[in-house]
Structure formats: structure tokens, C-alpha cells
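Working notes, beginning with the structure itself.
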Amino acid sequence: MKKVLSLVTVTLLAVTAMFSIHTSKAKAVEATPLYSLQILSVTSDGNDFIWEPITSSKPNATNVLKGDKLHIKVRFMGYTNSTVIKAKDGRNLLYKGEANIYKYDPILGQNKIVIGWDKYIEIPMNELPSNEIQVEGLGKNMKIIYSNVVKFERG
């Protein structure tokens, strides 16, 4: 009985020592606030979802966008709590549910830490005030960050 008690005591001490030596504290790093927004490509449901790249040398869509829904791929660098796509009357289409962020692809930095997101957004064409699109997000100290403006033709 004494041997069993001694063995249990030694085992408990060993396990306690092991956890105290190998326990590391989890450290949370504050997310970088949103600092960049860029519309990377556009398509529509009437264009068979064939994505057209948007670049600095080709800042507007050259294909006529057909159908009822505009789709944009937007790169968000940093983190935001608020994304705005304005409708004809100025309301936020994302807030009211008319527009939809339907896919998120993480952008990984060093050590596989997420530093941004590529977000895919579907927007009803009839809600857009004109034939151009721009996305807004909130950065540090409530500063509004604007994406590039992309112009397009509807078909």
C-alpha cells in the first residue's frame, strides 16, 4: 500500500512538473486595421461567371456585364468591422441584405497569419446607382478606406 501511495505521489509530482515546464501562454496579436481595399475582378450571372481582371493598367471592365447580379472580388488588407456598398438611395446594400458576401479566401502572411481577405460579393444590378462600383470599409480611428472605382457597361 505504501509503494502504491509513493508511486501515485511521484506520478502526480512528475505530471505537475511537466505541465508547469511546458505550459506556454497563448498570445493574441492585435489585428492590423484595414489599410487597403482593391477590386480585383468583376463578372455577372449573365456572363457565365467568367472573371475579368481589374488592374492599374485596365481599371474598368471591358466586357458588357449581363444579367441581374454583379459579382466582384475585393481584396481587404487588414481587418474591418464595416463594409459598405451604396445603393441608389445611399443605403448600405450589405447591411440590408440585398448584397451578399458569399466567399472568403484568406491572405496569409508570415507564419501563416491571416493578414487580409479576398471577399466575393454579389450585388443586384438594379440597386446600383450607376454603372460603377466602389467599396468602402472602416480603418483605424473610423477612417473610411475606399477601393478603386470600377466602371462597367450593363447589357
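For clarity, every value in this text was computed on a predicted model and none was experimentally measured.
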Kindly write out the residues that satisfy side-chain contact (heavy atoms from CB on, under 4.5 Å) with N63, not counting sequence neighbours, or none if the list is empty. N47, E52
Please list, chain by chain and in numerical order, all residues satisfying ring pair (Phe, Tyr, Trp, His ring centres under 6.0 Å) with Y120, sequence neighbours excluded. W51
Residues forming a salt bridge (Lys or Arg N to Asp or Glu O under 4.0 Å) with E153, sequence neighbours excluded: none
Listed by chain and number, what are the side-chain hydrogen bond (donor to acceptor under 3.5 Å, both in side chains) partners of D45, not counting sequence neighbours? none
Just verifying a value: how many Å separate L70 CG and I123 CD1, rounded to the nearest 0.5 Å? 5.0 Å
Test of understanding: with salt bridge (Lys or Arg N to Asp or Glu O under 4.0 Å), list the residues that count as partners of R91, not counting sequence neighbours. D89, E98, E127
T55: what forms a side-chain contact (heavy atoms from CB on, under 4.5 Å) with it, not counting sequence neighbours? S57, K58
Results of side-chain contact (heavy atoms from CB on, under 4.5 Å) for P59 - residues two or more places apart only: none
CD of Q134 to CG of L37: how many Å apart, nearest 0.5 Å? 9.0 Å
Among residues at least two apart in sequence or on other chains, which ones pass side-chain hydrogen bond (donor to acceptor under 3.5 Å, both in side chains) with N81? Y79
Count the heavy atoms of every other residue, nucleotide or ligand shown that sit under 6.0 Å from NZ of K86, and state whether that count exceeds 12. no
Set of residues satisfying ring pair (Phe, Tyr, Trp, His ring centres under 6.0 Å) with respect to F49, sequence neighbours excluded: H71
Just verifying a value: how many Å separate K119 NZ and D105 CG, rounded to the nearest 0.5 Å? 11.5 Å
Does V149 reach the side chain of I133, with side-chain heavy atoms less than 4.5 Å apart? no
Taking only residues at least two apart or on different chains, which pairs with a member in residues 129-155 satisfy ring pair (Phe, Tyr, Trp, His ring centres under 6.0 Å)? none
So, the side chain of R75 versus the backbone of W117: is there a donor-acceptor pair under 3.5 Å, distance only? no
With clusters built from Ile, Leu, Val, Met, Phe, Trp and Tyr whose side-chain heavy atoms come within less than 4.5 Å, directly or transitively, what are the remaining members of the cluster of I115, listed by chain and number? Y35, M77, I107
Got a second to check how far I85's CD1 is from L94's CG, nearest 0.5 Å? 4.0 Å
Excluding sequence neighbours, so at least two apart, what forms side-chain contact (heavy atoms from CB on, under 4.5 Å) with K151? N60, E132
Report the distance from atom CG of D68 to atom OG of S44, rounding to the nearest 0.5 Å. 9.5 Å
Please tell me if the side chains of I54 and V42 come closer than 4.5 Å, counting only heavy atoms from C-beta onward. yes
Any chance you could measure K73, atom NZ, to D118, atom CG, to the nearest 0.5 Å? 4.5 Å
